[in-house]
Undergrad: 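Structure below; questions to follow.
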Amino acid sequence: MKNKNFAKLSINNKTYNLPIYKASEGNDVIDIAKLFAESGHFTYDPGFTSTASCQSKITYIDGDKGILRYRGYDIEELAKNSDFIEVTNLLIYGDLPNKKQLSKYYKLISNHTMVHEQLLKFFNGFRRDAHPMAMMVGVMGALSSFYQDSLDINDPHQRMTASRRIIAKASSIGAMAYKYSIGQPFVQPNNKLSYSENFLNMCFSVPAEEYKISKVIANAMDVIFILHADHEQNASTSTVRLAGSSGANPFACIAAGVASLWGPAHGGANQAALEMLKTIGHKKNISKYIKKAKDKNDTFRLMGFGHRVYKNYDPRAKILKQTCKKVLNHIGIKNDPVLEVAIELEKIALKDKYFIDKKLYPNVDFYSGIILRAIGFPPEMFTVIFAIARSAGWTAHWHEMIEDPVQKIGRPRQLYSGNKKTKYGVRRSTKNTR
Ligand code: SDX
């Protein structure tokens, strides 16, 4: 990368010139790759609050202005005009496909919606009450044992085939996890339907009666998939990149991403946010929970609030709030107590000094759970739906990482604060606290 400026760092009267690289949008970076070799010092940044792990062209976020763009296109425009499959194509290939390219791509994806018949047996190994995310982690990883003709990460054709399989099968496997957890038979994909219609059909149709797909609900599903498709170097995407940097096969990398997304501080927050809103139960209880959220000694946090990058409103939350009202209206839910609590909680929190000072706004997970619950999904399925959508972003970043000429295996260092050399047999402390 070309650079014009340098940052000067002086350590023990020695000055180090660190190249500064300019971003096409947003924050420039200081290249510290040679700092350890030249100075014997590591940089220290737990949680990577000030660290760029890579160069990427896929997604741009401006946390202060509340901007989110996939390959330069604003998320608001994509949510309004595009569909999820076109967005997966945009994320992976870098530009919007023309009509011909899109219809060819659509066929390529639908060729992979079914899974190997033997894979269905994996589900029987899970207890009926297993969390569907446990099935997602296990079965997505198991794909590598069925599709051995798309494991060679150095073969671009195999990489592309693996990506299409991941995107196509993520929704089929997610739907099977749901059907297995409620004891209903799996529903095969129907390639005449759109991706979102197919997912709804695989989840909610039963052999005993006809399932009518609502256009409003299918559109809301598609918007949810689009909004969750990618988000720069978040925890699960960074996990996929780190796993991929060791040369692990694509299905193993995606399974690692699913595992990381499951955490309540990340993708698991949509389930936790809905459960929190249900625990609050009524508007009159909100102040008690706001107090708990502000209490340093209380581990309670307002789930669905706050973000590492957005220090302004998460643009996805704005779109989901509108989608939420549309879906509830369509279903005929006039006054949903959970939505009422959510809207009131948002109003109160956004006027509260603690939240304003700490720049805590509703994030993508605050409203998504209310919509998914209204559509008929149990809270355990919310993060599965997030994982289905994010499989697109994970694969796009996985491709970009492999094609990056400067990429090498990720191997961070540490600040060691443990014991110095001790002779065997010497006890360091009298208390044996085992
Ligand atoms: C996602 O990274 C991504 O892009 C993620 C994501 C994606 O699309 O991939 O956007 C998806 O994961 C959204 C975030 C979902 N998580 C939640 O809603 C869980 C609740 N939120 C928090 O746990 C928290 O806000 C994080 C994890 C989202 C961000 O944490 P940070 O950036 O590490 O900030 P922090 O924990 O250091 O908090 C800063 C301060 C702290 O107070 P002080 O120690 O400075 O006094 O704000 C407080 C925190 O205590 N705080 C909250 C809070 N979030 C932060 N206080 C109450 N409620 C909250 N939700």
Side-chain angles (χ1 to χ4, degrees), residues 45-53 56 58-64 66-70 75 79 87 91 224-241 257-277 280 286 288-320 342 345-346 348-350 352-370 379 382-383 385-394 396-397:
D45 181 17
F48 311 121
T49 51
S50 307
T51 296
S53 60
S56 178
I58 299 174
T59 290
Y60 173 65
I61 304 174
D62 182 320
D64 295 324
I67 291 174
L68 168 57
R69 293 192 191 121
Y70 295 162
I75 194 68
V87 164
L91 288 169
I224 287 173
F225 282 143
I226 290 173
L227 296 179
H228 287 80
D230 193 51
H231 212 240
E232 201 214 66
Q233 306 307 324
N234 58 85
S236 53
T237 300
S238 301
T239 303
V240 171
R241 279 179 169 263
V258 176
S260 168
L261 185 76
W262 196 355
H266 188 16
N270 47 24
Q271 175 179 346
L274 187 85
E275 282 157 2
M276 174 195 75
L277 292 170
I280 294 175
I286 289 177
K288 180 178 108 187
Y289 285 90
I290 293 243
K291 207 156 147 268
K292 280 170 66 69
K294 289 154 63 170
D295 177 357
K296 286 264 36 90
N297 305 319
D298 192 326
T299 52
F300 175 80
R301 284 199 161 180
L302 282 187
M303 301 315 276
F305 261 79
H307 199 276
R308 172 63 59 76
V309 179
Y310 290 122
K311 299 308 170 194
N312 193 325
Y313 214 90
D314 181 336
R316 301 168 296 178
K318 255 190 210 138
I319 298 167
L320 283 172
L345 175 60
E346 178 189 345
I348 298 173
L350 297 190
D352 185 295
K353 193 171 172 329
Y354 173 91
F355 293 89
I356 296 168
D357 293 352
K358 293 186 189 299
K359 302 184 180 331
L360 301 174
Y361 293 89
N363 59 45
V364 67
D365 295 306
F366 190 61
Y367 285 105
S368 54
I370 302 170
F382 297 177
T383 313
I385 289 163
F386 195 150
I388 292 168
R390 192 51 59 89
S391 298
W394 290 333
H397 282 273

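Whatever order the structure lists ligands and atoms in, that order sets their numbers, starting from 1.
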Undergrad: Would you say L360 touches ligand 1, if touching means a heavy atom closer than 4.0 Å?
TA: yes
Undergrad: Give me the residue, atom name and distance of the protein heavy atom closest to atom 45 (O) of ligand 1.
TA: K358 NZ, 3.5 Å
Undergrad: Given that the side chain starts at C-beta and the backbone is N, CA, C, O, which of these parts of M276 lies under 4.0 Å from ligand 1, counting heavy atoms, or is it both or neither?
TA: neither
Undergrad: Distance to 0.1 Å, residue and atom name: give those for the protein heavy atom nearest to atom 32 (O) of ligand 1.
TA: R308 NE, 2.8 Å
Undergrad: Heavy-atom count around F48 CZ within 6.0 Å, excluding the residue itself: above 12?
TA: no
Undergrad: Tell me, please: is A293 in heavy-atom contact with ligand 1, that is, under 4.0 Å?
TA: yes
Undergrad: To the nearest 0.1 Å, how far is atom 21 (N) of ligand 1 from its closest protein heavy atom, and which atom is that?
TA: F305 O, 2.9 Å
Undergrad: Among all protein heavy atoms, pick out the one at the shortest distance from atom 58 (N) of ligand 1; state its residue, atom name and that distance to 0.1 Å.
TA: L302 N, 3.1 Å
Undergrad: Starting from atom 4 (O) of ligand 1, which protein heavy atom do you reach first, and at what distance in Å?
TA: H231 ND1, 2.6 Å
Undergrad: Among protein heavy atoms, which sits nearest to atom 22 (C) of ligand 1, and what does the distance come to when rounded to 0.1 Å?
TA: R301 NH1, 3.3 Å
Undergrad: So which of V309, T49, N363, T59 gets nearest to atom 14 (C) of ligand 1, if we judge by its closest heavy atom?
TA: N363
Undergrad: Look at the rings of H231 and Y310 and say which category their plane angle falls in: under 30° parallel, 30 to 60° tilted, over 60° perpendicular.
TA: tilted
Undergrad: Which residue holds the protein heavy atom closest to atom 27 (C) of ligand 1, what is that atom called, and what is the gap in Å?
TA: A265 O, 3.9 Å
Undergrad: Enumerate the atoms of ligand 1 whose separation from the nearest heavy atom of R390 is less than 4.0 angstrom.
TA: 7 (C), 8 (O), 9 (O)
Undergrad: Can you confirm whether some protein heavy atom lies under 4.0 Å from atom 54 (N) of ligand 1, or whether none does?
TA: yes
Undergrad: Counting heavy atoms only, name the option from F300, F386, Y354 that's nearest to atom 56 (N) of ligand 1.
TA: Y354
Undergrad: Does an N or O anywhere in D314 fall below 3.5 Å from an N or O of ligand 1?
TA: no
Undergrad: Counting non-hydrogen protein atoms only, what is the nearest one to atom 28 (C) of ligand 1? Give residue, atom name and distance.
TA: G306 O, 3.7 Å
Undergrad: Should the proximity of K296 to ligand 1, defined as any heavy atom under 4.0 Å, be assigned to the side chain, the backbone, both, or neither?
TA: side chain
